[in-house]
Asks: 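Attaching a single structure in structure tokens format; questions to follow.
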Amino acid sequence: QVQMVESGGGLVQAGGSLRLSCAASGRTFTDYAMGWFRQAPGKERQFVAFISWNGGTTYYAGSAKGRFTISRDNAKNTMYLQMTSLKPEDTAVYFCAARSRYSTYTYPGDGYNYWGQGTQVIVSS
């Protein structure tokens with residue numbers, strides 16, 4: 001299995017930027033497609049972004065499109081989420097997750113087997 005640790009969260013003012021990182025260990029990193037999710041207080045976990053095993057395909061939730069960029073560095077076993085133009089409604093715990101690169105799930109937010117512990121992002125108005 002793969003283990004993941006997120007970092008890079010913090011407190012930022014509205015309009016600011018943050019870059020989240022997800023460092024993976026264990027199994028071969030390129031065996032997995034990766035995703036970012038978030039969960040705000042009192043709300044369900046929400047899909048944010050997806051990246052294929054080689055970075056060739058990305059997909060974003062509507063709330064992230066145009067403001068967030070997902071990327072990965074397979075040589076460093078690390079995935080990133082660059083977040084810009086942050087809004088107070090982006091406040092949440094952000095999680096990275098992994099699913100098999102051979103997954104047959106068509107929706108990029110489904111089929112994840114492994115999850116990190118999360119990193120808190122707070123956007124002040």
Asks: Examine Tyr60 together with Phe50 and report whether their ring centres are nearer than 6.0 Å.
Replies: no
Asks: Rounded to the nearest 0.5 Å, how far apart are SG of Cys96 and CD1 of Ile51?
Replies: 12.5 Å
Asks: Can any side-chain N or O of Gln1 pair as donor or acceptor with the backbone N or O of Gly26 at less than 3.5 Å?
Replies: no
Asks: Mind checking what makes side-chain hydrogen bond (donor to acceptor under 3.5 Å, both in side chains) contact with Gln46, not counting sequence neighbours?
Replies: Arg38
Asks: Within 45° of the ring axis of Phe29 and under 6.0 Å from its six-membered ring centre, is that where the NZ or CZ of Arg72 lies?
Replies: yes
Asks: Which heavy-atom pair separates Val121 from Leu18 by the least distance, and what is that distance?
Replies: CG1-CD1, 3.9 Å
Asks: Go through it in stages, so that I can follow the logic: the residues are Thr69 and Tyr80, the test is side chain to side chain contact (heavy atoms under 4.5 Å, CB included), and I'd like the CA-CA distance, side-chain angles, deciding distance and then a yes or no.
Replies: CA-CA 8 Å; Thr69 302; Tyr80 305 97; over 6 Å; no
Asks: If we ignore hydrogens and angles and just use 3.5 Å, is the side chain of Ser100 paired with the main-chain N or O of Tyr102 as donor and acceptor?
Replies: yes
Asks: Considering non-hydrogen atoms only, spot the tightest contact between Trp36 and Ser21 and give its length.
Replies: CH2-O, 3.7 Å
Asks: Where is the tightest heavy-atom contact between Ser71 and Met79, given as atom of each residue plus distance?
Replies: O-CG, 3.2 Å
Asks: For the residue pair Met4 and Ala24, what are the closest heavy atoms and their distance?
Replies: CG-CB, 4.0 Å
Asks: Give me the other members of the hydrophobic cluster that Val5 sits in, counting Ile, Leu, Val, Met, Phe, Trp and Tyr linked by side-chain heavy atoms under 4.5 Å, directly or via other members.
Replies: none
Asks: How far apart are the closest heavy atoms of Ala14 and Pro88, and which atoms are they?
Replies: CB-CD, 4.1 Å
Asks: For Arg67, which residues count as a side-chain hydrogen bond (donor to acceptor under 3.5 Å, both in side chains) partner, sequence neighbours excluded?
Replies: Asp90
Asks: Considering only distance and modelled atom types, tabulate donor-acceptor pairs under 3.5 Å from the side chains of residues 108-119, sequence neighbours left out.
Replies:
unit_1	atom_1	unit_2	atom_2	d
Tyr112	OH	Pro108	O	2.6
Thr119	OG1	Gly9	N	3.2

Asks: With sequence neighbours left out, what residues match Asn77 under side-chain hydrogen bond (donor to acceptor under 3.5 Å, both in side chains)?
Replies: none
Asks: Mind checking whether Tyr32 and Arg27 have side chains closer than 4.5 Å, heavy atoms only?
Replies: yes
Asks: Tell me the closest heavy-atom pair linking Lys76 and Thr78, and the distance in Å.
Replies: O-OG1, 2.8 Å
Asks: Just jot down the side-chain hydrogen bond (donor to acceptor under 3.5 Å, both in side chains) partners of Ser52, sequence neighbours excluded, or say none.
Replies: Asn54
Asks: Is there a side-chain contact between Met83 and Leu20 in this structure, where contact means two heavy atoms from C-beta onward sitting under 4.5 Å apart?
Replies: yes
Asks: Apply side chain to side chain contact (heavy atoms under 4.5 Å, CB included) to Leu81 and Val48, showing your working.
Replies: CA-CA 10 Å; Leu81 186 68; Val48 176; 4.2 Å; yes
Asks: Could you walk me through whether Phe68 and Thr84 pass the side chain to side chain contact (heavy atoms under 4.5 Å, CB included) test, one step at a time?
Replies: CA-CA 6 Å; Phe68 294 2; Thr84 63; 5.6 Å; no
Asks: Answer with yes or no after comparing the ring centroid distance for Phe95 and Phe37 against a 6.0 Å cut-off, counting only values under it.
Replies: no
Asks: Okay, side chain of Gln13, backbone of Ser124: is any donor-acceptor separation there less than 3.5 Å?
Replies: no
